[in-house]
Number of protein chains: 2
Amino acid sequence: MADLLSVAKRAGVSRATAARAFSSPDLVRPATREKIFNAAQELAFRPNKVAQQLRSQATQMIGVMVPSLDNPVFAEQLQAMEVAARDSGYSLIVTTSEYSPSREGNIVEEMLRQRVDGLVLTVADASNSDVLDKLRMENIPCLLVYNPPGTSGFTSIGVDNLAAGADATRHLIALGHERIGMIAGPLLQSDRAQQRYEGYCQAMKSAGFLPHQLVEMARHTQADLASLKPALQGFQSFSAVICTNDLLAISLIGELQRAGFAVPGDLSVMGFDGIALGQYLYPSLCTIEQPRADIGRTAVHTLLAMIRGESCTTAPLPHALRKGESTGIPASRKSNTGTTQRSTL
Amino acid sequence: MADLLSVAKRAGVSRATAARAFSSPDLVRPATREKIFNAAQELAFRPNKVAQQLRSQATQMIGVMVPSLDNPVFAEQLQAMEVAARDSGYSLIVTTSEYSPSREGNIVEEMLRQRVDGLVLTVADASNSDVLDKLRMENIPCLLVYNPPGTSGFTSIGVDNLAAGADATRHLIALGHERIGMIAGPLLQSDRAQQRYEGYCQAMKSAGFLPHQLVEMARHTQADLASLKPALQGFQSFSAVICTNDLLAISLIGELQRAGFAVPGDLSVMGFDGIALGQYLYPSLCTIEQPRADIGRTAVHTLLAMIRGESCTTAPLPHALRKGESTGIPASRKSNTGTTQRSTL
DNA sequence: TTGTACGCGTTATCAA
DNA sequence: TTGATAACGCGTACAA
């Protein structure tokens with residue numbers, strides 16, 4: 001591939017002049033400039049970013065690490081990040097951690113070697129993370145997304161998960177529900193799931209109800225009805241549940257319907273995240289919407305500000321209750337006639 | 001950040017020796033090596049990939065361009081690509097084109113300047129693409145994903161969309177459907193949607209039925225019932241439809257149910273792609289499953305082979321019919337009693 | 001086994 | 001307005 005030197009030769013100038021023609025066109029006489037551009041054209045010259053990066057000690061690249069792209073929450077955030085970054089002349093190196101600490105470590109190390117100008121990470125647990133401990137020693141611009149801010153010492157972009165969890169709960173309470181449960185992924189939950197649960201507990205107590213133990217599913221994004229059965233039977237059975245993410249909620253609704261339950265007739269189901277698809281289902285998913293695109297954009301803009309050396313303030317982004325057909329008045333409040341047929345479990 | 005020279009000084013050796021300790025450890029005496037590693041540790045030395053890339057004329061980076069990460073098909077493919085690339089020591093630069101030719105052009109130019117070792121692209125229409133025309137002149141390893149192979153001259157990873165479209169159609173025919181429609185995104189469809197339609201037409205004709213005109217939706221991934229209403233009414237109304245992607249199908253099912261139609265009772269709906277979520281819905285989505293993860297992995301491995309200079313053969317990857325509850329026997333075949341109440345349109 | 005020296009493609013400083 | 005030169009950090013051919 002043609003380099004600046006060959007362009008310069010062909011144009012009959014020195015390499016320095018050729019370089020100037022691109023970086024500061026006004027510093028070179030128009031006629032000369034023309035010759036250089038022509039030569040560049042003829043040789044199909046393409047500036048070598050790697051050389052520029054080495055020389056300028058800046059890569060214009062952002063390292064991004066998300067848990068998984070199989071979850072639309074992260075994919076939708078990433079989509080917005082890519083557009084925002086490109087608009088500012090930056091590229092994204094994208095990696096997935098699967099929440100694995102060792103992968104997290106390798107990924108970040110790799111990105112540091114690549115000399116990315118900054119990092120945008122979503123870690124499993126920000127308050128207890130090897131990779132963040134390591135990053136604290138470096139002084140590279142670094143930002144968390146979705147992880148609750150505070151304990152980690154890193155600025156974080158996301159919603160107030162505790163308030164959001166409480167809002168979800170209050171929505172159900174306002175509908176008349178009292179026996180409300182919460183469903184999450186496997187044992188080592190993400191830090192944000194914990195906060196959402198905390199918000200649920202607070203809202204329940206404030207309303208004078210007893211918060212229930214978290215019901216844990218075997219998988220992060222797929223509900224299995226068996227684990228939930230006990231909580232759906234008997235006198236004290238739930239009339240509504242909140243899932244810690246939308247995929248869990250959607251799959252739960254599917255399982256329930258397949259088993260003969262009506263949603264929200266027999267059980268109201270709320271999600272959390274607000275992935276786009278939820279609106280198009282029937283029943284549409286009632287959920288707490290995180291502004292995924294806005295989070296992605298804000299993350300990029302905030303990081304770029306940090307890279308420029310500006311001090312940046314960050315407040316939690318607003319979440320919103322997205323009403324949907326998957327929640328309704330509890331059966332006990334309705335006239336007890338005409339309820340849908342429920343299969344025996 | 002500490003560089004090799006400072007490590008060398010601290011270890012009391014020349015820079016060349018320090019470099020060798022990392023690149024060819026066996027060429028340096030163990031004791032010396034030890035000193036160098038210790039010095040590196042103390043200085044928190046981190047090899048500079050940018051310098052390595054400039055020196056070696058290879059970046060170990062793959063440029064990836066997909067239309068949008070908001071569609072799980074691409075996100076799921078990308079997830080697999082990232083893992084495969086990392087396993088081989090490569091990083092991914094990820095970009096989104098929104099199917100915009102100008103964006104496609106800018107993105108590819110940018111990646112070429114970054115000197116990525118290869119490209120994995122999904123373009124709007126491979127048989128008529130400026131960016132591919134340009135790429136034909138370069139000689140950088142380049143691979144298409146999802147785009148039909150053949151006309152473009154580039155090797156492409158994906159399923160046989162024509163056969164897949166025919167398989168979907170035959171599945172419905174086997175169920176007893178005769179009035180089968182096909183639904184796609186907006187006018188400038190993707191090349192693969194066209195092939196799927198072609199497969200549909202062939203299968204319909206083979207069975208002695210008349211293929212219908214493609215029904216076009218305003219958006220790529222969201223159905224609007226209004227455009228479809230005419231085809232659902234009257235004597236010749238569809239008993240089944242195939243959507244060119246899963247998001248379209250899922251949103252259509254939601255719209256239908258909300259309008260009082262039963263799926264598959266009143267209308268069988270098939271999707272196309274096989275995104276993970278489809279299985280967890282009720283009714284579960286009947287669809288043609290593309291092996292998204294396998295496609296991603298194969299793309300990476302094939303590209304790496306091309307980068308190594310190996311000649312690689314590529315056959316279409318197998319698609320599969322994923323049966324689901326969203327299709328069933330047409331109403332006309334069933335005893336015409338007890339059908340669900342249909343709202344007037 | 002280790003050191004010297006050059007080049008990868010740019011940019012920026014300093015002279016001319 | 002232009003040119004010579006050094007530097008960014010690394011790898012390696014060649015010499016010692």
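From a predicted model like this one, the values you see are computed outputs, not experimental measurements. Below, chain A is the first sequence line, B the second, and so on; all start at residue 1.
- Under the ring pair (Phe, Tyr, Trp, His ring centres under 6.0 Å) criterion, A/Tyr99 pairs with A/His220, not counting sequence neighbours.
- Counting 5' to 3', DNA chain D first comes under 4.0 angstrom of a heavy atom of chain A and last does so at the ends given by D/dT1 to D/dG9.
- Surrounding NZ of A/Lys9 are at most 12 heavy atoms belonging to other residues, nucleotides or ligands under 6.0 Å away.
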Under the side chain to side chain donor-acceptor pair (under 3.5 Å) criterion, do A/Gln114 and B/Gln53 qualify, and how do the steps go? CA-CA 10 Å; A/Gln114 184 58 61; B/Gln53 288 161 351; 2.8 Å; yes

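- Residue contacts shown for B/Val50 are absent, as no nucleic acid heavy atom lies under 4.0 Å away.
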In 5'-to-3' order, the base (B), backbone-only (S) or no-contact (-) status of each nucleotide in nucleotides 4-10 of chain C, using a 4.0 angstrom heavy-atom cut-off, is BBBBBBB

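- Atoms CG and CD1, from A/Leu78 and A/Ile295 in turn, are 13.5 Å apart once rounded to the nearest 0.5 Å.
- For residues 55-89 of chain A, the ring-ring contact (aromatic ring centres under 6.0 Å, His included) pairs, not counting sequence neighbours, are A/Phe74-A/Tyr146.
- Taken from CZ in A/Arg113 to CG in B/Asn48, the straight-line distance is 11.0 Å, to the nearest 0.5 Å.
- Contacts of residues 22-38 of chain B with DNA chain D (heavy atom under 4.0 Å): none.
- For the residue pair A/Ser68 and A/Glu98, the shortest heavy atom distance occurs at CB-OE1, 4.3 Å.
- For A/Pro149, the side-chain contact (heavy atoms from CB on, under 4.5 Å) partners at least two apart in sequence or on another chain are A/Ser156.
- Residues B/Leu132 and B/Ala126 come closest through the heavy atom pair CD1-O, 3.5 Å.
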